Amino acid sequence: MSAKINAAEAMLKVLEDWHVDHLFGLPGGSFDSTMNAIHNRQDTIKYIQVRQEETGAIAASGEAKLTGKIGVTFGSAGPGAVHLLNGLYDAKHDHAPVLALVAQVPTDTMNTDYFQELNQNPIFEDVSVYNRTVMTAQQLPAVVDQAIRQAYEHSGVAVVTIPKDLGWAEIDDTFQATADSFVFTDNYPLPDETAVQKAVEILRDAKRPLIYFGLGAKKAAEELKELSEKLQIPLMSSALAKGTIEDAYPAYMLSAGRVASKAGVDAISNADAVLFIGTNMPFVQFFAQPDAKFIQVDVKPTNMGKRHKIDVGILADAKTTLQSMIKASEPVASRPYYDALVADKKNWNEWLSKFENEDKSPLGVEPVFAQINRIAEDDAIFAVDVGNVTIDSYRLLKMKPTQKITTSAWYATMGYGLPTAIGAKESYPDRQVFSISGDGGFTMVMHDILTQVKYHESIINVVLTNESLGFIEGEQDDSRQPHSGVDLIDANFGDAAEALGAKGYEVRTLAELKQAFTEAKDIEGPVVIDVKIANDRPLPVEQLALEPNEYFNQDAVDAFVEKYRTDGLKPMSYFLKEFNVE
């Protein structure tokens with residue numbers, strides 16, 4: 001006779017077999033059977049109590065993006081379920097494997113308009129790759145096992161709805177999870193050698209070639225640099241691939257778009273041939289020349305030609321393709337376009353560095369990131385919120401490949417930074433973790449400083465307080481409309497953090513800033529550094545006015561230079577001329 005076990009506990013054994021050792025959520029009455037199982041298995045699976053289900057879902061999503069492992073979150077029936085959606089949509093849009101366990105009222109009260117009852121399956125249909133309501137207690141562990149497989153296979157959200165009474169029911173303890181037989185593979189097609197040769201010829205013969213890589217090339221940093229050096233081709237990436245190559249690498253131009261460097265925009269806007277590898281970046285079509293030769297390398301056929309007309313398509317893994325291209329190419333001694341962009345980036349970095357120690361009131365954002373870079377350890381993790389803070393972080397953090405960075409990229413939800421830092425600390429307890437937020441995003445989730453306090457998480461939470469939804473303010477400026485709904489009232493988030501049990505700082509001067517970061521790096525437990533910064537728009541590198549042209553007259557250039565203090569920042573035309581680029 002087989003042993004018996006509660007169905008909810010059998011489900012948790014499945015999670016453990018899939019190497020899940022913690023999950024995020026907030027209990028409600030409809031989730032009591034699973035909470036009882038979590039209590040019983042507290043020695044093998046850790047429960048992280050968040051103060052709002054959205055925090056738990058974002059933590060699971062951010063953690064999945066950082067680790068590649070499935071993140072697990074839960075919510076109770078009705079309002080708890082609905083609160084999960086924002087974090088689950090973040091996971092959907094950024095293709096992160098997440099499992100959401102969603103409670104439901106007991107089976108004998110379902111479909112009777114019972115207290116907190118919702119028809120939850122339709123709610124989760126759009127966000128999920130797998131969405132099922134468990135019908136019997138015996139099938140609960142099997143459904144969760146299948147949900148995890150689906151989340152991994154399709155890189156998305158799996159939702160399992162669990163009626164309360166089924167979790168209590170005793171079932172035979174005989175289910176075997178399929179974790180050990182589930183195979184992850186990187187066995188993609190080998191690149192077609194004819195296509196590789198054609199791609200190499202295009203890059204060799206181009207006057208202004210560029211390598212544009214994304215997360216799909218994350219494991220190919222050395223190959224990217226080797227091909228770049230062999231053919232004298234500058235590199236740039238999608239914002240999400242920041243950190244693949246060290247930011248200090250001279251030929252790496254960072255990214256294009258609003259979350260970008262000047263050199264990145266210059267690189268893609270002037271290129272006559274682009275190797276577009278391991279990325280599906282949606283804005284490239286707005287920067288790359290329509291008639292530029294375009295080589296695309298991707299593992300998904302549906303991505304081919306999606307962003308730009310392609311001349312060569314290679315359906316293969318990025319690393320393997322780069323190795324083939326290196327083997328098939330002959331060294332190029334020099335290339336003026338390469339040299340021009342290296343000089344362009346150097347000029348950009350020199351311009352940025354002028355502001356790193358500027359002691360003005362309110363402070364600029366550059367000194368804040370100078371201090372983050374100063375104390376950041378070689379394996380630091382940065383959880384970046386959404387807004388101007390995204391621009392500043394991806395522009396000013398000096399990343400190394402040994403560090404990690406994440407943001408809400410496609411979905412772009414404010415309030416991402418702090419919850420993701422919680423998830424990061426649970427997966428990487430021995431690594432330094434930062435959350436970096438604006439005051440808008442921070443106030444959406446600041447209650448979960450309590451979670452960091454409860455679990456003694458040493459996280460440095462940086463809040464850039466400019467009393468504005470600055471990114472939206474910039475968009476309103478671009479559309480020439482009055483500022484509406486973007487003003488925020490100030491608060492002392494350092495004192496608020498102290499009230500919640502964390503160490504808090506309110507920073508207004510450069511001296512206070514340096515002292516706060518010096519102390520923060522050695523504090524055990526959560527820290528909140530509230531920096532009062534000027535409401536200055538980050539330099540809009542996608543619409544620079546550094547010289548008169550068809551878009552800007554001299555008066556417009558003068559006004560732009562004065563507003564953004566761009567003295568010393570040279571236009572791309574200067575470098576093209578200096579290096580005789582054709």
Side-chain angles (χ1 to χ4, degrees), residues 191 193 195-214 217 220-238 241-242 244-256 260-279 284 287-289 291-297 308 310-312 314 318-350 401 570-582:
E193 291 302 323
V196 167
Q197 188 60 50
K198 185 177 180 182
V200 167
E201 290 171 1
I202 289 173
L203 295 174
R204 179 197 65 200
D205 296 340
K207 300 296 184 183
R208 306 180 183 191
L210 177 69
I211 299 170
Y212 193 122
F213 66 90
E222 293 309 311
E223 288 82 1
L224 286 165
K225 290 192 287 188
E226 185 175 352
L227 185 64
S228 167
E229 292 168 10
K230 188 172 186 179
L231 295 182
Q232 292 289 284
I233 302 175
L235 295 153
M236 66 176 297
S237 74
S238 64
K242 180 181 172 73
T244 301
I245 293 172
E246 59 273 22
D247 284 1
Y249 188 69
Y252 174 46
M253 305 297 131
L254 278 69
S255 57
S261 73
K262 173 185 178 293
V265 174
D266 289 343
I268 186 66
S269 300
N270 290 277
D272 63 2
V274 179
L275 171 58
F276 195 63
I277 183 165
T279 180
V284 70
F287 293 95
Q289 297 297 324
D291 59 349
K293 296 288 186 181
F294 213 76
I295 305 154
Q296 185 167 1
V297 181
H308 193 284
I310 61 174
D311 297 271
V312 179
I314 302 175
K319 189 180 184 77
T320 305
T321 302
L322 288 166
Q323 290 169 344
S324 295
M325 294 180 77
I326 292 166
K327 184 177 179 181
S329 60
E330 295 295 330
V332 172
S334 64
R335 198 186 298 266
Y337 191 59
Y338 178 94
D339 297 333
L341 279 169
V342 169
D344 188 13
K345 181 188 177 182
K346 183 173 183 289
N347 173 245
W348 165 253
N349 286 336
E350 288 171 348
K570 296 179 173 64
M572 183 58 178
S573 60
Y574 171 89
F575 298 103
L576 295 176
K577 182 177 180 180
E578 181 181 12
F579 290 91
N580 298 312
V581 180
E582 297 181 31

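Note that the coordinates shown come from a computational prediction; the quantities given were computed from them, not determined experimentally.
- The backbone N or O of Lys293 sits nowhere less than 3.5 Å from a side-chain atom of His308 that would complete a donor-acceptor pair.
- Contact detail for Leu227 and Leu322: the closest heavy-atom pair is CD2-CD2, 3.7 Å.
- The stretch residues 325-339 participates, sequence neighbours left out, in no salt bridge (charged side-chain N to carboxylate O under 4.0 Å, His left out) pair at all.
- In terms of heavy atoms, Ala328 sits closest to Val200 at O-CG1, 4.1 Å.
- Thr320 is linked by a side-chain hydrogen bond (donor to acceptor under 3.5 Å, both in side chains) to Asp317, counting only residues two or more places apart in sequence or in another chain.
- Here the straight-line distance linking atom CD1 of Ile211 with atom CZ of Phe276 works out to 13.5 Å at 0.5 Å rounding.
- Ile314 approaches Ala199 most closely through the heavy-atom pair CD1-CB, 4.4 Å.
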* To do: Quick one: do Tyr574 and Asn347 satisfy side chain to side chain contact (heavy atoms under 4.5 Å, CB included)? Show the steps, please.
  => CA-CA 11 Å; Tyr574 171 89; Asn347 173 245; over 6 Å; no
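- Sorted by first and then second residue, the side chain to side chain donor-acceptor pair (under 3.5 Å) pairs involving residues 220-232 (not counting sequence neighbours) are Glu223-Lys319, Glu223-Gln323, Lys225-Glu246, Glu229-Tyr249.
- With values rounded to the nearest 0.5 angstrom, Lys345 atom NZ is found 11.5 Å from Met236 atom CE.
- Here the OG-CZ distance, from Ser334 to Phe579, works out to 11.5 Å after rounding to the nearest 0.5 Å.
- In plain terms, the two heavy atoms of Ala256 and Gly264 that are nearest each other are CB-O, 4.2 Å.
- Listed here is the closest heavy atom pair of Ala267 and Leu341: CB-CD1, 3.7 Å.
- In this structure the side chain of Leu203 reaches within 4.5 angstrom of the side chain of Pro209, judged on heavy atoms.
- Partners of Ser261 according to the side-chain hydrogen bond (donor to acceptor under 3.5 Å, both in side chains) rule, which considers only residues two or more places apart in sequence or in another chain, do not exist here.
- Here side chain to side chain donor-acceptor pair (under 3.5 Å) pairs that include residues 199-212, with residues two or more places apart or in two chains, number zero.
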* Run the numbers on Asn270 and Tyr337 for side chain to side chain contact (heavy atoms under 4.5 Å, CB included), then give the verdict. => CA-CA 9 Å; Asn270 290 277; Tyr337 191 59; 3.4 Å; yes
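- Note that OH of Tyr338 is 11.0 Å distant from CG of Leu231, once rounded to the nearest 0.5 Å.
- Applying the side-chain hydrogen bond (donor to acceptor under 3.5 Å, both in side chains) rule to Lys262 yields the partners Asp266, Asp344; only residues at least two apart in sequence or on another chain are considered.
- Distance CD/Glu193 to CE/Met325: 11.0 Å, rounded to 0.5 Å.
- Note that the CG atom of Leu224 and the CD1 atom of Ile233 stand 11.0 Å from one another [nearest 0.5 Å].
- Under 3.5 Å, the side chains of Ser237 and Tyr252 contain a donor-acceptor pair of N or O atoms.
- Between Asp272 and Gln289 the shortest side-chain heavy-atom distance does not fall below 4.5 Å.
- Without hydrogens or angle criteria, Asp311 side chain to Ile295 main chain gives no donor-acceptor distance under 3.5 Å.
- Looking only at distances, no side-chain donor or acceptor of Gln296 sits under 3.5 Å from a matching main-chain atom of Ile277.
- The two residues Ser269 and Val265 come nearest to each other via the heavy atoms OG-O, 2.7 Å.
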